[in-house]
Amino acid sequence: MALDLHKIEEKWQAYWEKNRIYKFDRKSKKPVYSIDTPPPTVSGTMHMGHAFAFTQQDFIARYKKMAGFEVFHPFGFDNNGLATALMVEKKRGIKQKNFSRKEFIKIVLKETAEEEKKMRKAFESIGLSIDWSLLYRTIDRPARRIAQYSFLELFKQGRLYQREAPTMWCPSCATAIAQAELHDREEESSFCYIEFETTDGEKISIATTRPELMPACVAIHVHPEDKRYKKFVGKEVKIPFSNGRTVKVFENRDVDPEFGTGAVYHCTFGDLDDVAWILETNLPVIEIINKDGTFNEKAGILKGLRTEEARKKIIEELKKSGHLVKEEPIKHVVNVHERCKTPIEILTSKQWFVRYLDLRDEFIAKAAELEWVPKYMKKRLDNWINGLKWDWNISRQRYYGVPFPVWYCRKCGEVVLADEKQLPVDPLKDKPKKKCKCGSREFIGEKDALDTWFTSSLTPQINCKWLEDKAFFKKMFPMDLRPQGHDIIALWAFNTIVKGLFHQRKLPWKTITINGWTLDPKGKKMSKSLGNVIRPEEMVEKYCADALRYWAGLPVLGEDIPFMEKEMVAGKKFITKILNASRFVEIVTKGVKLGKINSKGLEPEDRAILSKLNRLIKESTEAFDRYEFSKGLNSVRNFFWLEFADFYIEEVKTRVYNKKDKGRKIAAAVLQEVLWNCLLMLSPFLPHTTEEVAQTRFRKRLKGKSIHLEQWPMADEKMIDEKAEELGEIINAVIAEMRKKKTAAKKPLNAVVKRAVVTVTDLQKFKLAEPTIKRTMAVQAIEARKGEEVSVKLEF
RNA sequence: GGGCCCGUGGUCUAGUGGUAUGACGAUGCCCUUACAAGGCAUAGGCCGCCGGUUCGAUUCCGGCCGGGCCCACCA
């Protein structure tokens, strides 16, 4: 039978949406289970990592729904901030600086609306149990309002300050960025040995990868125990091309005497160490780079150039003047902006910060109260918090994003906050409600936008309608689950915890699950530059959504998984198997008055399969409760295929084919019972396939409109019977031996056996197993003998 | 450099203090009244390496090697 799995899947997706199967009913009396879903950046494409993570999250959502919870499973789009703006700039080939603020925002909103449609379709195509009526966007009014309210509240708590400070700056995006937005990149560069002269004519060499920062040099550092440089300490050194400016030589224990020449020149600001040294030494700041990345007049001969050009130029000039004594190639790591990969510079500018370094210990202690799945992921957060060096810079010099609810008084410079009631505000359009303390009514609106994470860190508050619906918020906050990737533990998880603690004095959720990464088939990270990206839509197209979901259910939560197309094959085979086995069960049970499973008349194979089924239900439920869904999928799959389809179905065929067989009604009942429970346990993984079978073949079993509204099965402990399973194993072992012999004799498996000689270890038990074996393998007569191990001889 | 994770037949994986689960692939047989986009069967692994604990380790401990991720970083 040719099955069009795509048609089946589309049919049920439309049905679910039409019948609002995944609707969250806030009036329900069931306990709520809420999920703080990760809002993907609107880019128009769903990548494999999305498909993987959302599917894993969906397993949990579907399980919880069946387990009796009213599941709150929303979806969010992150269309706020820098990532979104950069995506649009790239797509359109534009830069924000060439547009007015208004125009630029308009373009971004239009583009993201289009991209969002494509993305939603992609996410729908993998069969997620999302209630789309709960959709939120990180730039929509409620999100803006909450983000601004968060700002006001933090201000009142004394957690916000504004400061002119050295800040990591992206010259390409022309904005300050946060520590968490840094990435490293290894770069080939040259290590320049530059010879300086002291005022009394002695020579000292330093080595640097940033010769272009020389005009900003404010000191030279040497290690206090470095004998070579002892005599230089305290002396003045002449800076080339600087009209005779000199800097002092300092002792500094941070210097590594082994590296370079053992002498370091100190610039404002080459790297984070320079910043620390500036703070320690009270040296002057010479800022030579403008916000747009060009060098200013303080850079002298480098004025107007950008970093790369300036480097070339200064090397050239130093060569000419004889200051450059050596140049060697070096590989070193530079900090780049993760969004645009431009090496960062450190500049001073006025920025808003959230003061939180003082609370590091509290954050670590509180985060320990969360349930982390897997547990070890918490260490990553601890590492991050322990390594924090900066308060959280939340200012971004961008047009697009949530504005600061802040004005500055034109007359006295006082910071004036928006009134809670007027949120969300745009300080460039709106005005404060009151006049300034100084009496002035003239204000300048803050032009910067809030860091994207300032808003994203409020997704629990957004989901729970913090400001819009107090009763709802009280009922819903904190949420139950935050599922997310390990790459953004330091960003999203951390900042969300921070906000929860600041605003509600509570952790924002009870549990955090961390999903792994999707890697390419060789175990490498998928990336556009490596050209190894596999798109989920291609796989859905080639196989089907349930096959993709099958793959997502294989690894343990938190583990990275290489994308293996063979698992799609395996998934599709499994789906076909389910559909075929279900067809069989329907055919042979149709019109049969089902027997009662608790009654007498259960054959050994019935008892064995029912015992195994109930044990499986128990194990599968426990696995799900521990978020070990891969165990659930694996064990149900193996049971369904290797026990139920391979053995049980074969063992009862003669019973169900023969209308007069007295075991027929029982076998029919057991077939349905086992299949139905397997379908229920597989429905979180294969929602389309199981719905198809339930709706087309087992309508009568369905209590509601969908298998996804059914109750998760309960194990009947009384049915678990080790002795029955033991006997079942004997039956299966003998059948397996007979299959081998038939295969070896090149006979079909239904070939009639006139006589079989079977050696078994326990003759008494075998007596009980014999009838099942005879009918399953078409054996007319069996002679049983006692022996050390099971063996079989067949006569045809 | 620091932290975390991983290393099981050709490939990917389950698992456990008593030599091992399944898949994909390979090979052979079989049109068997669910299924040939199938069924059944077969081959294939000193469970990364070296030590230690133990009667016994793939499983526990230590070290090493290899891979991955995060963080820091030499100017």
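Lettering follows sequence order; numbering is per chain, from 1.
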Complement of [N], any strand, by Watson-Crick or G-U distances under 3.5 angstrom:
N: rA75(B); value: none
N: rA23(B); value: rU11(B)
N: rC40(B); value: rG28(B)
N: rG66(B); value: rC6(B)
N: rC60(B); value: rG52(B)

Among H50(A), M48(A), Q56(A), the one residue meeting side-chain contact (heavy atoms from CB on, under 4.5 Å) with F52(A): Q56(A)
Distance between the [atom1] atoms of [N] and [M], in whole angstroms?
N: rG67(B); M: rU27(B); atom1: P; answer: 33 Å
N: rU59(B); M: rG48(B); atom1: C1'; answer: 15 Å
N: rG45(B); M: rC64(B); atom1: C1'; answer: 23 Å
N: rG66(B); M: rA23(B); atom1: C1'; answer: 25 Å
N: rG25(B); M: rU11(B); atom1: P; answer: 16 Å
N: rG2(B); M: rU16(B); atom1: P; answer: 31 Å
N: rC6(B); M: rU13(B); atom1: C1'; answer: 13 Å
N: rC47(B); M: rG18(B); atom1: C1'; answer: 15 Å

Could you list, one pair per line, each protein nitrogen or oxygen that sits under 3.5 Å from a nitrogen or oxygen of nucleotides 38-41 of chain B, together with the distance?
{"unit_1": "rG39(B)", "atom_1": "OP1", "unit_2": "K577(A)", "atom_2": "NZ", "d": "3.1"}
{"unit_1": "rC40(B)", "atom_1": "OP1", "unit_2": "D646(A)", "atom_2": "OD1", "d": "2.4"}
{"unit_1": "rC40(B)", "atom_1": "OP1", "unit_2": "D646(A)", "atom_2": "OD2", "d": "3.2"}
{"unit_1": "rC40(B)", "atom_1": "O2'", "unit_2": "T743(A)", "atom_2": "OG1", "d": "3.4"}

task: Would you kindly compare K742(A) and R380(A) by the position of their nearest RNA chain B nucleotide and give the one closer to the 5′ end?
output: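 Nearer the 5' end of the strand: K742(A).
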At 4.0 Å (heavy atoms only), tell me whether [X] reaches a base, stays on the sugar-phosphate, or touches nothing.
X: A581(A); value: base
X: L519(A); value: nothing
X: A207(A); value: base

message: Parallel, tilted or perpendicular, judged at 30° and 60°: which one describes the rings of Y550(A) and F574(A)?
response: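 It falls in the tilted class, 30° to 60°.
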query: In terms of ring plane angle, is the pair H266(A) and H221(A) parallel, tilted or perpendicular, where the classes change at 30° and 60°?
result: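 Geometry flag for H221(A) against H266(A): tilted rings.
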Could you state the atom-to-atom distance from [atom1] of [X] to [atom2] of [N] in whole Å?
X: E212(A); N: rA75(B); atom1: CD; atom2: P; value: 12 Å
X: W492(A); N: rC70(B); atom1: CH2; atom2: P; value: 18 Å
X: K659(A); N: rU33(B); atom1: NZ; atom2: P; value: 17 Å
X: M568(A); N: rA37(B); atom1: CE; atom2: C1'; value: 17 Å
X: L642(A); N: rU21(B); atom1: CG; atom2: P; value: 12 Å
X: L381(A); N: rC69(B); atom1: CG; atom2: C1'; value: 16 Å
X: F640(A); N: rC35(B); atom1: CZ; atom2: P; value: 14 Å
X: I489(A); N: rC5(B); atom1: CD1; atom2: P; value: 12 Å

For residues 634-647 of chain A, run the donor-acceptor check on the side chains, cut-off 3.5 Å, and write out each pair with its distance to 0.1 Å, sequence neighbours left out.
{"unit_1": "S635(A)", "atom_1": "OG", "unit_2": "K631(A)", "atom_2": "O", "d": "2.7"}
{"unit_1": "S635(A)", "atom_1": "OG", "unit_2": "G632(A)", "atom_2": "O", "d": "3.3"}
{"unit_1": "E643(A)", "atom_1": "OE1", "unit_2": "K612(A)", "atom_2": "NZ", "d": "2.7"}

Contact list for residues 206-222 of chain A, test salt bridge (charged side-chain N to carboxylate O under 4.0 Å, His left out), sequence neighbours left out: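 Listed by first then second residue: R210(A)-E212(A), R210(A)-E345(A), E212(A)-R311(A).
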query: With sequence neighbours left out, which residue pairs that include part of residues 542-563 of chain A fulfil the salt bridge (charged side-chain N to carboxylate O under 4.0 Å, His left out) condition?
result: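 Qualifying pairs: D58(A)-R549(A), K542(A)-E565(A).
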field: Qualifying side chain to side chain donor-acceptor pair (under 3.5 Å) pairs with a residue from residues 739-753 of chain A, counting only residues at least two apart or across chains
entry: E737(A)-K740(A)
query: Who are the salt bridge (Lys or Arg N to Asp or Glu O under 4.0 Å) partners of K793(A), not counting sequence neighbours?
result: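 Salt bridge (Lys or Arg N to Asp or Glu O under 4.0 Å) list for K793(A), sorted by chain: empty.
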message: Test of understanding: with salt bridge (Lys or Arg N to Asp or Glu O under 4.0 Å), list the residues that count as partners of E251(A), not counting sequence neighbours.
response: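 Once residues adjacent in sequence are excluded, the partners of E251(A) under the salt bridge (Lys or Arg N to Asp or Glu O under 4.0 Å) criterion are K230(A).
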- request: Using the test ring-ring contact (aromatic ring centres under 6.0 Å, His included), find all partners of Y376(A) that sit at least two apart in sequence or belong to another chain.
  value: none
message: Within the 4.0 Å limit for protein heavy atoms, which parts of nucleotides 9-15 of chain B are touched? Write it as a string from 5' to 3', B for base, S for sugar-phosphate only, - for none.
response: --BB-SS
Of the listed nucleotides rG22(B), rG2(B), rC24(B), the one nearest the side chain of R637(A): rG22(B)
- request: Go through rC35(B), rC30(B), rA75(B) for me and flag the one nearest to the P748(A) side chain.
  value: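 Closest nucleotide among those given: rC30(B).
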message: I'd like to know if the side chain of E327(A) pairs up with that of S190(A) as donor and acceptor (distance under 3.5 Å, no hydrogens or angles considered).
response: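 Yes, S190(A) and E327(A) have a side-chain donor paired with an acceptor closer than 3.5 Å.
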